[in-house]
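First the structure, in the form of structure tokens, and then the observations on it.
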Amino acid sequence: MQTYTLSVSPDFSPEHLSGWFIFNTWLQKSLATPFHLELYDEFELQRRDIQLDKIDLIYANPYDAAMLVREKGFKAVARPANTSDEAVIAVLNGSAYLNIDDLKEGAKVATTHDPDVHMMGMIMLEPADLDRSNVIVTPVHSYVIVAKQLLKGEADIGFFLKDAFHDLSDLIRGQMRVLVESQIDVIHHTLLAGPNVQHLIPQLLGNLLNMQDDAKGKAVLESMQMTGWLKMEQEDTEFMIDLIDTLIE
Amino acid sequence: MFITYHDGSSREITIIDQEVPYPDGKLIVSRTDTAGVITHANQAFIEMSGYSLDELIGINHNILRHPDMPAAAFKDLWVTIQSGKKWHGYVKNLRKDGAFYWVKATVIPNIRNGELMGYTSVRRKPSRSKVDACTALYAQMKMDMPS
């Protein structure tokens, strides 16, 4: 029997990722189909394998979802209930910056390669007349490194996925404060099925929607820090992609 | 005062010279059909416009049009999006209570299976320098070409 590949957008902390191993076990049992969970440290490596058609099922960030649906023929299956992707711009507790308007040209920005969080962070700088032409952006591989850049004084501000910011240890997070937080509400990660596994969508969707009603499924959801799944209609996906398009300059 | 729209219709509006600051981090999102009639509005739209969701759905998006906005700006918007392209601009919007708020707006056509189904509009917080520049520019445009 063919083994398919499941992957997850590389923007989650190790605590979140451990839940995906548990999900992968649940997935294989519920579909009676072998899946291999392939995790990536870097967005670029994952995108390379997407282009090589090596990924069949993916929990994608909103930015990559647009590419997967429009260019690679993926279909949206479901999204997590009661959550959306939000970005945080943080500074050190002792920073002189009290709001976005205090930031000046030449500000040093620590960010990750997480495309939607970076985009949301840059949008939140616009009211201070800041853009990529007049700030110094340093992309790093994880939110922990973004925090370290702030703590070492190598960055003035840091962009974080809100969930990742709150996943930081108390010791690290306690040395920072939130300058501004997005309240977009309508952008979220999505579970997408590639052309090779779209025949499994009806069974997969049914199983996902019933997870919260089953003790084992509920435990899996808790390990992923989720409360349940919601069905993604095709138009929901198209709407989110349109919305991302409006935000890309 | 009365405001007249491009289709010749008009309505009486209240104008108060008071700006409501755009909140940090929020996006106003709405969708319309091809004629500009609102089909979807998010919570930020409701809060900033001062209208309820019931009042917004089914009404033309030009209910937000402030009389200080030059007609040429909206003409440019419609020409751009009807040609299938994305439009960016700074817009002074009219609230239900007569106050106003400035936005940086982006509008894109919603294409489904090659067919135009409507438009999505996303508004975000503009910089004060851009608002000041547009305030002067739009006043000049209104003087040069009164609508």
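Heavy-atom basis, side chains included; hydrogens, waters and symmetry copies ignored. Chain letters run A, B, ... following the sequence lines, proteins first, then strands; residues in each count from 1.
- Atom CZ of A/Arg177 has more than 12 heavy atoms from other residues, nucleotides or ligands within 6.0 Å.
- Among residues 19-32 of chain B, the residues having any heavy atom closer than 4.5 Å to a heavy atom of chain A are, in sequence order, B/Asp24, B/Gly25, B/Lys26, B/Leu27, B/Val29, B/Arg31.
- Taking 4.0 Å as the cut-off between side-chain N and carboxylate O, B/Arg128 and A/Asp129 do not count as a salt-bridged pair.
- Crowding of A/Phe165 atom CZ: a count of heavy atoms from other residues, nucleotides or ligands under 6.0 Å exceeding 12.
- The contact between B/Arg124 and chain A is made entirely by side chain atoms (from C-beta outward), counting heavy-atom distances below 4.5 Å.
- No more than 12 heavy-atom neighbours from other residues, nucleotides or ligands sit within 6.0 angstrom of NZ on A/Lys75.
- Considering only heavy atoms from C-beta on, A/Glu238 stays 4.5 Å or farther from B/Met117 through its side chain.
- Atom CG of A/Leu125 sits about 12.0 Å away from atom OG of B/Ser127, to the nearest 0.5 Å.
- You'll find the side chain of B/Lys125 stays beyond 4.5 Å of the side chain of A/Glu126, heavy atoms only.
- In this structure, A/Asn93 places its CG atom where more than 12 heavy-atom neighbours from other residues, nucleotides or ligands lie under 6.0 Å away.
- For the side chain to side chain contact (heavy atoms under 4.5 Å, CB included) with B/Thr106, the qualifying choice from A/Leu243, A/Leu247, A/Thr246 is A/Thr246, the only one to do so.
- Closest approach of A/Asp242 and B/Ile108 over heavy atoms only: O-CD1, 3.0 Å.
- A side-chain donor-acceptor contact under 3.5 Å links B/Lys86 to the backbone of A/Asp245.
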### Query
Going through the distances and angles, do A/Glu235 and B/Arg112 end up as a side chain to side chain contact (heavy atoms under 4.5 Å, CB included)?
CA-CA 9 Å; A/Glu235 183 51 32; B/Arg112 305 287 183 266; 2.8 Å; yes

